[in-house]
Structure formats: C-alpha cells, structure tokens
K.L.:
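For reference, the structure I am asking about is given below.
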Amino acid sequence: MIGIIGGYGDVGLQAARMLKEWGKHPLRIGGRNPELAQTKLADEFPHAEWVKVDIEDEKSMKSFLHGCELIVNCAGPSHRIAARVAGMCLSMGCHHVDAGIDEALEMMRGTPQSTAVLYAAGATPGLSGLLPRWLATSFDKVDSMVYYTGALDRFTAAAAEDYLTGVAGKDNEPLAAWKNGARRSAALRRRPGTALPFFPREVALYPYFDAEAEFVATSLSLRDGEWYIAIDGEHVPPVLEEIRPLFLTDWKSAVKRLCTATELDAAGRQKYINFIIQLTGIKNGAGIIRTLVLQADRPSILTGSTAAAAGIAVLEGEIPFGVRPLAEIPDPAKVIARLGSTKYLSIIECSVDDLLQVVEGEI
C-alpha cells in the first residue's frame, strides 16, 4: 500500500496519477476532506482508499500509516510538518518521500535506519540537484556550470511559506557563487531584463547559493558554478526585494504579498517551469560544452511527478536506507527516466548564449 498525504491537491494528485500508472501497489489517498475529493475523482481512482487524515493528530496519523509500505507527503507547509511525518514513518517502519524540506529532517541524517526517507524531493529542490549530476555523467571531467531555473504559476499559501523559508534560510546565500573551488560571497549581482532561451519574456535573474548547490559543486568537483532563479513578471521582483526581512517579523503578511504578486504575474499567461543547465568540461581529451533544457507545463506537475518517481525508486530498492535529500541519491538516472511524458528534455551541444541566438533566429 502507498499512502499519499495531500493526495488530491495539485502536487499530490499528480503523484497519485503517476503511482497509479505504475500500478504495483494499491493507493490510499488522504487529506482533511477526502469525501469531497472522492466524489470528483472516484472514476479516475476506482480502487483507491479515500481516508481522512490529520497530520497534527497522532492517532489519525498512525491509522493512516498502518499497512503502508511507503508514504508520499504532498501536504504543506513542509517546513512545519515534514519532520513530524517522517518521524512517524520511521517509528512504524514505512518508507517516506516528501516533496518539501524541514530543517529538523536534516538533523536525522546519518542515524541508522531500516527504511528510506527522502526529503526535498520535488522539482526544486530535488530534481534541480539531480539534473546537473546526470548531465555530468556524459563528461570525463566537468569544469564549470551555469544553472537557471524559472517558473510561472501562482503560489498557494503553503507553497509561498515554504519558498520564503528557503529564501530566508541560513543555507541560502543570495549573490554567492562557487569560484575557484569554494563558496564566494557577493560574487554575482541581480540581472533584470535578461533574455534566456525558451523563456517567453525577459526575466529578472536572482543569484543564490544553497545547500543543494554546494553539494552539486563539491560532488562534481567544479572550479566555478553559478545558480540563478529567473523571475518572469513585474510584480514578484519588487516584492522579493522587500520581503525577506518582513518574513522574519510578520510571515503571514509576507506570504500574502507573495501569493498576490504571483497571481498577478501569472494571470492570463501560460504556466511553465524551465531548467537550463550549461556544463563545460572535457570529453575524450577535448573541451566541450553541453546544455540541458527541461520544460514542463506547471511546477506542481513536475513536483508531483518527481516525488512519485522518487517513491518508485525507493520501492524498487534503488535508494539506500537512511535519511537524505533527493539530490544526494547515488544514481539520478532512473528517477529522471521515470518522469517520462511530464516534461520535454533535451541535451544540446552548445552554450546558453549560442542557444539564445539560435532560438531568437527561429522566432
């Protein structure tokens, strides 16, 4: 049995669909109002169990977890609940995958476990750490990386809270980069009005450097690495300029402001999430540049699919027992391959700058 908490929200529903398609385990779909969801989705999931579950209630959680081999948590805000769900899963001997992140989960790392717990197992963080490691396997040696990710969609309150927790977290350093094999503070600057291939409009680029970026940089032995979030829209950038200190003092107001800004920027526009990752290095003694391009319809679809793919990898015995973020699993390839039709992915033998000229020429 696979239990999905928050299984009929945007992220959880996509995870449920993918796990149903895999078809090896029955599904238990949980949330606070499963009866209403069942009336809408019963035809799509005729054999699923629909069960009410309250994460804050220990008895409710134990009842939901009973008989499950894997729990996929798609409820939020993750930074407040992920560690609680993971702890209960560990105590009851079932595997756990969480699309989000909780600092308390990181404190569990390194402790002996008889099951697998994966956190930060969504599109970003998660897939964002797997993609450059996977691309690097086509090199003999990687020297440098430039990484861009951007999405256009409205935030739910839970998603906005988790996003701001990451932005304001101690592991994230704005404007930092990886230079000459080490983290360097204030190495980059924000870049408004920047054109990127496959983005429909100019974007504002925000450099960042977090724990996942540092893991990728060290695991690939990079000399240089730059990470950017691409913001598409007029309303989100000014909010981000002001919101970090506000989140620390009045998080509810900060969340509301960010939700409103994303809704205004996304109104009437096609939703998307893009990754563009350029690696420079050596192959067969020659210098090469390769750029990975991944495009998906919505962040929630890619996040739900990634969490489901991670869960399948756990149940197939491809993930060692223990607690770790998805970005640090030994083999990214199988998780990426399972994403299938949820995304468009290609590897192009040129730089991002050259790719931009080609795309603009086609337009």
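Scope of the values below: all heavy atoms of this structure, side chains included, with no hydrogens, waters or symmetry mates.
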K.L.:
For Asp297, which residues count as a side-chain contact (heavy atoms from CB on, under 4.5 Å) partner, sequence neighbours excluded?
P.N.:
Ile301

K.L.:
Same hydrophobic cluster for Tyr163 and Tyr272, using side-chain heavy-atom links shorter than 4.5 Å among ILVMFWY?
P.N.:
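Different hydrophobic clusters.
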
K.L.:
So, are Lys20 and Glu44 salt-bridged, with charged N and O less than 4.0 Å apart?
P.N.:
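Result for this pair is no, no salt bridge flagged.
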
K.L.:
Indicate, with yes or no, if Leu41 and Ile29 share a hydrophobic cluster defined by side-chain heavy-atom contacts under 4.5 Å among Ile, Leu, Val, Met, Phe, Trp and Tyr.
P.N.:
yes

K.L.:
Between Asp265 (side chain) and Glu234 (backbone), is there a donor-acceptor pair under 3.5 Å?
P.N.:
yes

K.L.:
I would like to know whether Val11 and Ser300 meet side chain to side chain contact (heavy atoms under 4.5 Å, CB included); could you show each step before the answer?
P.N.:
CA-CA 5 Å; Val11 173; Ser300 58; 3.9 Å; yes

K.L.:
Under 4.5 Å between any side-chain heavy atoms of Cys94 and Leu65, yes or no?
P.N.:
yes

K.L.:
Look up atom OG in Ser144 and atom CH2 in Trp178, then write down how far apart they are to the nearest 0.5 Å.
P.N.:
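That separation rounds to 14.0 Å.
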
K.L.:
Is any side-chain heavy atom of Tyr119 closer than 4.5 Å to one of Pro325?
P.N.:
yes

K.L.:
Are Asn73 and Ile81 packed together at the side-chain level, in the sense that at least one heavy-atom pair is separated by less than 4.5 angstrom?
P.N.:
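Yes. Closest side-chain heavy atoms under 4.5 Å.
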
K.L.:
Is there a salt bridge (charged side-chain N to carboxylate O under 4.0 Å, His left out) between Arg17 and Glu21 once you walk through the steps?
P.N.:
CA-CA 6 Å; Arg17 285 169 172 156; Glu21 185 177 342; over 6 Å; no

K.L.:
Taking atom CG of Asp43 as the centre, does the number of heavy atoms from other residues, nucleotides or ligands within less than 6.0 Å exceed 12?
P.N.:
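12 or below, so no.
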
K.L.:
Let me check something: do Leu326 and Val85 share a hydrophobic cluster, defined by ILVMFWY side-chain heavy atoms less than 4.5 Å apart, either directly or through other members?
P.N.:
no

K.L.:
Applying the 4.5 Å side-chain criterion to the ILVMFWY set and letting contacts propagate, would Met92 and Val117 be lumped into a single cluster?
P.N.:
no

K.L.:
Does Lys24 form a salt bridge (charged side-chain N to carboxylate O under 4.0 Å, His left out) with Glu69? I'd like the steps, not just the answer.
P.N.:
CA-CA 12 Å; Lys24 291 192 177 182; Glu69 187 176 354; over 6 Å; no

K.L.:
Could you tell me if the side chain of Trp134 sits less than 4.5 Å from the side chain of Leu345, heavy atoms only?
P.N.:
yes

K.L.:
Mind listing the closest non-hydrogen atom pair of Ala204 and Pro237 along with its distance?
P.N.:
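Minimum heavy-atom separation between Ala204 and Pro237: CB-CG, 4.3 Å.
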
K.L.:
Do side-chain atoms of Trp227 reach the backbone of Ala213 as a donor and acceptor pair under 3.5 angstrom?
P.N.:
no

K.L.:
Quick one: does Arg133's side chain have a donor or acceptor within less than 3.5 Å of a partner on Ala327's backbone?
P.N.:
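It does hold such a pair.
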
K.L.:
So, the side chain of Thr149 versus the backbone of Asn274: is there a donor-acceptor pair under 3.5 Å, distance only?
P.N.:
yes

K.L.:
Heavy atoms, side chains only, cut-off 4.5 Å: are Arg190 and Leu175 in contact?
P.N.:
yes

K.L.:
So Tyr8 and Trp50, would you call those rings parallel, tilted or perpendicular, with 30° and 60° as cut-offs?
P.N.:
tilted

K.L.:
Quick check: do Thr306 and Leu130 have side-chain heavy atoms less than 4.5 Å from each other?
P.N.:
no

K.L.:
Any salt bridge linking Glu318 with Arg338? Criterion: basic side-chain nitrogen under 4.0 Å from a carboxylate oxygen.
P.N.:
yes

K.L.:
Donor-acceptor pair, Arg28 side chain versus Phe64 backbone, under 3.5 Å?
P.N.:
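Checked: pair present.
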
K.L.:
Determine whether a donor-acceptor pair (N or O, by modelled atom type, separation under 3.5 Å) exists between the side chain of Asp143 and the backbone of Thr280.
P.N.:
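Side chain of Asp143 to backbone of Thr280: no pair is present.
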
K.L.:
The test is side chain to side chain contact (heavy atoms under 4.5 Å, CB included); show your working for Leu196 and Leu356 and say whether it passes.
P.N.:
CA-CA 6 Å; Leu196 287 177; Leu356 180 61; 5.7 Å; no

K.L.:
Within a reach of under 6.0 Å around NZ of Lys52, are more than 12 heavy atoms found that belong to other residues, nucleotides or ligands?
P.N.:
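No - once you tally the heavy atoms of other residues, nucleotides and ligands closer than 6.0 Å, there are 12 at most.
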
K.L.:
Find out whether Leu90 and Met108 are in side-chain contact, i.e. whether some heavy atom of one side chain is under 4.5 Å from a heavy atom of the other.
P.N.:
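In short, these two side chains touch, coming nearer than 4.5 Å.
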
K.L.:
Please check: side-chain N/O of Asp54 versus main-chain N/O of Ser60, any donor-acceptor pairing under 3.5 Å?
P.N.:
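No, the answer is negative, given that no donor and acceptor are paired below the 3.5 Å cut-off.
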
K.L.:
Counting only heavy atoms not in Gln270 (residues, nucleotides, ligands), do more than 12 fall under 6.0 Å from its CD?
P.N.:
no

K.L.:
Answer yes if the side chains of Ser305 and Gln14 hold a donor-acceptor pair under 3.5 Å, and no otherwise.
P.N.:
yes

K.L.:
Atom CG in Leu220, atom NZ in Lys141: separation rounded to 0.5 Å?
P.N.:
10.5 Å

K.L.:
Going by atom types alone, do Asp250 and Ser253 pair a side-chain donor with an acceptor below 3.5 Å?
P.N.:
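There is such a pair (donor and acceptor under 3.5 Å, judged by atom type) between the side chains of Asp250 and Ser253.
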
K.L.:
Return yes if some donor-acceptor pair links the side-chain N/O of Gln278 with the main-chain N/O of Ile289 below 3.5 Å, else return no.
P.N.:
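No, because the side chain of Gln278 does not come within donor-acceptor range (under 3.5 Å) of the backbone of Ile289.
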
K.L.:
Look only at the side chain of Thr218 and the backbone of Glu214, and say whether a donor-acceptor pair between them is shorter than 3.5 Å.
P.N.:
yes

K.L.:
Looking at side-chain heavy atoms only, is the closest gap between Trp22 and Ile2 below 4.5 Å?
P.N.:
yes

K.L.:
Just grab all the side-chain hydrogen bond (donor to acceptor under 3.5 Å, both in side chains) pairs involving residues 81-96, residues at least two apart or on different chains.
P.N.:
none

K.L.:
Would you check, one step at a time, whether the test side chain to side chain contact (heavy atoms under 4.5 Å, CB included) holds for Thr303 with Ile273?
P.N.:
CA-CA 10 Å; Thr303 292; Ile273 180 169; 6.0 Å; no

K.L.:
Can you tell me how far the OG1 atom of Thr124 sits from the CG atom of Asp210, to the nearest 0.5 Å?
P.N.:
7.5 Å

K.L.:
Taking the six-membered ring of Tyr228, is NZ or CZ of Arg191 closer than 6.0 Å to its centre and within 45° of its axis?
P.N.:
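Verdict for Tyr228: a cation-pi partner in Arg191.
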
K.L.:
Do Tyr147 and Ile336 sit in one hydrophobic cluster, given that two such residues count as connected whenever their side-chain heavy atoms are within less than 4.5 Å of each other, even indirectly?
P.N.:
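Linked, Tyr147 and Ile336 end up in one cluster.
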
K.L.:
Would the distance check show the side chain of Asp224 and the main-chain N or O of Asn180 forming a donor-acceptor pair, the cut-off being under 3.5 Å?
P.N.:
yes

K.L.:
With a 4.0 Å cut-off on N to O distance, would you call Asp153 and Arg298 a salt bridge?
P.N.:
yes

K.L.:
Determine, for Glu226 against Lys179, whether the closest basic-nitrogen to carboxylate-oxygen distance falls under 4.0 angstrom.
P.N.:
yes

K.L.:
When you look at Glu328 and Arg109, which way does the salt bridge (charged side-chain N to carboxylate O under 4.0 Å, His left out) test go after all the steps?
P.N.:
CA-CA 12 Å; Glu328 297 184 19; Arg109 296 182 62 176; 2.5 Å; yes

K.L.:
With a 6.0 Å cut-off (strictly less than), is the heavy-atom count around CD of Glu242, excluding the residue itself, greater than 12?
P.N.:
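Enclosed.
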
K.L.:
Measure the CD1-CZ distance between Ile4 and Phe45 for me, rounded to the nearest 0.5 Å.
P.N.:
7.0 Å

K.L.:
How far does CD1 of Ile5 sit from SG of Cys89, to the nearest 0.5 angstrom?
P.N.:
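Answer for the CD1-SG pair, Ile5 versus Cys89, is 6.5 Å.
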
K.L.:
Stepwise, does the side chain to side chain contact (heavy atoms under 4.5 Å, CB included) test hold for Met61 with Ile55?
P.N.:
CA-CA 6 Å; Met61 281 290 292; Ile55 292 173; 4.1 Å; yes

K.L.:
Salt bridge or not for Arg154 and Glu263, using N-O below 4.0 Å?
P.N.:
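Here Arg154 does not pair with Glu263 in a salt bridge, since their nearest N and O are not under 4.0 Å apart.
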
K.L.:
For the residue pair Ser138 and Ile288, what are the closest heavy atoms and their distance?
P.N.:
O-CD1, 4.5 Å

K.L.:
Might you work through the salt bridge (charged side-chain N to carboxylate O under 4.0 Å, His left out) test for Lys334 and Glu316, ending with a clear yes or no?
P.N.:
CA-CA 11 Å; Lys334 291 183 179 179; Glu316 292 285 2; over 6 Å; no

K.L.:
Within this structure, what is the CG-OG1 distance for the pair Leu355 and Thr291, rounded to the nearest 0.5 Å?
P.N.:
6.0 Å

